[in-house]
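Numbers restart at 1 for each chain; the letters A, B, ... are given by sequence-line order, proteins then strands. Hydrogens, waters and symmetry mates play no part in the numbers below; they use all other heavy atoms, side chains included.
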2 protein chains.
Amino acid sequence: MARLATVALEARKQPRQRRAQATVDAIMEATIQVLLEGGLQRLTTTRVAERAGVSVGTMYQYFPQKQALLFALLRRYMEKTAAAIAASCERSRGATIAVIAETLVGDFLDAKTTDMNVAQALHAVGMELATGNLLDEFGRANQAAIRGLLESAEDAVFDDPGAVAFALRATLSGTARAATRPDAKRYDTRALRHELQIMAAAYLKARARPRDAEAARR
Amino acid sequence: MARLATVALEARKQPRQRRAQATVDAIMEATIQVLLEGGLQRLTTTRVAERAGVSVGTMYQYFPQKQALLFALLRRYMEKTAAAIAASCERSRGATIAVIAETLVGDFLDAKTTDMNVAQALHAVGMELATGNLLDEFGRANQAAIRGLLESAEDAVFDDPGAVAFALRATLSGTARAATRPDAKRYDTRALRHELQIMAAAYLKARARPRDAEAARR
DNA sequence: ACCTGAACACCGTTCAAGT
DNA sequence: ACCTGAACACCGTTCAAGT
């Protein structure tokens, strides 16, 4: 099992004076700039401090390690999207499930897509683009397999099997990632599996025409 | 935009003799061991080479940078899961969509869950667990918001709103991650949004009882 | 063809000294 | 209370020399 040293990622010290707050702001802004400019590989403590116009020592007073910089950025991004999603839920409260489904999906994707530059840079943390290319490569392979499967269905025919396979694959692999998170509880994983099966079945049914109808038309 | 230096991640040199192949195998095995033992933070080229019983120079002959080690591991993992998924699709070929949905979801999750130790370690690349904790924290908040929304639906009542909210949230956030990948094409994103809305609507309908029936029973 | 390991440039982190 | 920057330990990567 991957054991990890327990590390403090939160700020070591809260800024108490105005100039200290300005320092923290400058560091965070510098982190974004350096990240967007050169990716994670070029994000060094020296570079961020230099861009922020402070010494490394000062930076370490507020961000006890390099990771804390990224952590703070991620926290800010997630606070923002969570607020947007909560607001969306508030808006469609009491609507029909059809409206709820449409609004929720739309607003959720919108929220996560805003500030996409930063989000992408954060997601890319670690293996950078290379990992993504690999994921895409196999994503396409899996999608092709699923598409072939859909086209073979005994009792249904799909008008756009490519789109359905695409959505199904994205949902599954995205969810699988969540399910394999280290702290995903066994219960959650099993429940999720059951719910996903219901979801996939309902989706396919909604997207398919019965094969009989097709045969009858010819 | 995050610009990245183009780097060769594939092996620099193919092993031609038997002892060279043994060297490559030893390095890959050592990488897994070091990764599972101490996480990404302790995965240094020196440590892997030492564990593999070769010099760093030898390692750099086959893996031109540190990332290439992880890349090779990830590739092996994905080849394995892709093969499992293809086999699953082959098995349920020609079945009904109900069977297809159930089999596909089940086998997909199984494939991605096998070798979970390595998968987790690979997923953890970069921000390690801290990121995950943050994701979970806001995941729970979003889930609670969605659950409240579902319970407020005008035309439906859910027997297990928590489970439905959990599945919906996992699907959405997992998919959003895929949609915000740098190379996700605009077309794909828009199509995915539409498909997800159909999926969510179909799922909610499958999971809900009409409110009238509930009112009538009382 | 394959391997070695000292050497180099650079990075994360600390801490005594300053205002 | 806040900031500085030289100093330290260590890491990724290279390359001349070996078998």
Rounded distance in Å - [atom1] ([X]) to [atom2] ([N]):
X     : N      : atom1 : atom2 : answer
A:M59 : C:dC15 : CE    : P     : 17 Å
B:Q61 : D:dG18 : CD    : P     : 17 Å
B:Y62 : C:dT4  : OH    : P     : 10 Å

When you check the phosphate oxygens OP1 and OP2 of D:dC2, does a side-chain N or O of A:T23 lie under 4.0 Å from one of them? no

Please tell me if A:S55 has a side-chain N or O lying less than 4.0 Å from either OP1 or OP2 of D:dC3. no

Counting only heavy atoms not in B:R93, do more than 12 fall under 6.0 Å of its CZ? yes

Please enumerate all residues that pass salt bridge (charged side-chain N to carboxylate O under 4.0 Å, His left out) together with A:R91, with sequence neighbours excluded. A:D107

Listed partners of A:E50 passing salt bridge (charged side-chain N to carboxylate O under 4.0 Å, His left out), at least two apart: none

Under 3.5 Å donor-acceptor, B:E102 side chain and A:Q197 backbone: no

Given protein heavy atoms under 4.0 Å, the one-letter contact record of nucleotides 7-13 of chain D, with B base, S sugar-phosphate only and - none, is simply ----SBB

Nearest 0.5 Å, please: how far is OG in A:S55 from CD in A:Q61? 8.5 Å

Under the side chain to side chain contact (heavy atoms under 4.5 Å, CB included) rule, collect the residues that match up with A:T44, sequence neighbours excluded. A:T46, A:R47

Please enumerate all residues that pass side chain to side chain donor-acceptor pair (under 3.5 Å) together with A:E90, with sequence neighbours excluded. none

Report yes if the side chains of B:T45 and B:Y60 come closer than 4.5 Å at any heavy-atom pair, otherwise no. yes

Watson-Crick or G-U stems of DNA chain D, 3 or more pairs, under 3.5 Å, by first number: C:4-8 with D:12-16, C:12-16 with D:4-8

